[in-house]
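FYI, the numbering just counts along the sequence from 1.
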Amino acid sequence: MDAFAFGNALPGPIATKPAMYVGHDLAGWSGAVAALLGATVPTLVVLLLVAQAVMRAKDNATLRAAITGIRPVVVALLLLVAWDFAPSALGGLGQIGAHWPRWALAAASLFLTLAHSLHPVNLIVLGAGAGMLFGPSR
């Protein structure tokens, strides 16, 4: 959970960070670069090909309907991830009193996102600062 959270706090896809770490561990900086390229170039090529195909078919009614159907699925998957992480991140519903600062931080983040459109990077920095000031090691 901690490694996942740290990986999410850094910019870029999560898979590149462990790939670079393992590549560096095995072959130094050249291994890190090779691992980074191996983890990103195939995805980049596929993404460019798919984007090109979508741009050619952007006015296709079937494609628009498919994308309309995909959006709720993506929302559901994001909610599932949040549901899975909530107990370890927040302390669980039965422990709100014991972990109220975490719940307060989550509620404040949600409010700032919805009411003020605060950028996620700002929220991550604020969360990290709150953790350093008020976290378990303090």
I'd like to know if the side chain of [X] and the backbone of [Y] have a donor-acceptor N/O pair within less than 3.5 Å.
X: Trp103; Y: Leu90; result: yes
X: His116; Y: Leu118; result: no
X: Ser117; Y: Leu114; result: no

Do [X] and [Y] share a hydrophobic cluster, counting only Ile, Leu, Val, Met, Phe, Trp and Tyr and linking them when any side-chain heavy atoms are less than 4.5 Å apart?
X: Leu37; Y: Val45; value: yes
X: Phe111; Y: Leu126; value: yes
X: Leu47; Y: Ile70; value: no
X: Tyr21; Y: Leu26; value: yes
X: Val46; Y: Leu63; value: yes

At their closest point, which heavy atom of [X] faces which heavy atom of [Y], and how far apart are they?
X: Ala19; Y: Ala39; answer: CB-CB, 4.1 Å
X: Arg102; Y: Ser88; answer: NH1-O, 3.5 Å
X: Arg64; Y: Lys58; answer: CG-O, 3.9 Å

Spacing of [atom1] belonging to [X] relative to [atom2] belonging to [Y], to within rounding of 0.5 Å:
X: Leu80; Y: Phe85; atom1: CG; atom2: CZ; answer: 10.0 Å
X: His24; Y: Leu36; atom1: NE2; atom2: CG; answer: 13.0 Å
X: Leu123; Y: Thr113; atom1: CG; atom2: OG1; answer: 4.5 Å
X: Leu105; Y: Leu112; atom1: CG; atom2: CG; answer: 9.5 Å
X: Asp25; Y: Met20; atom1: CG; atom2: CE; answer: 13.0 Å

Handout entry: Sequence-distant partners of Leu44, side chain to side chain contact (heavy atoms under 4.5 Å, CB included), two or more places apart
Key =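 With neighbours one apart ignored, the set is Leu48.
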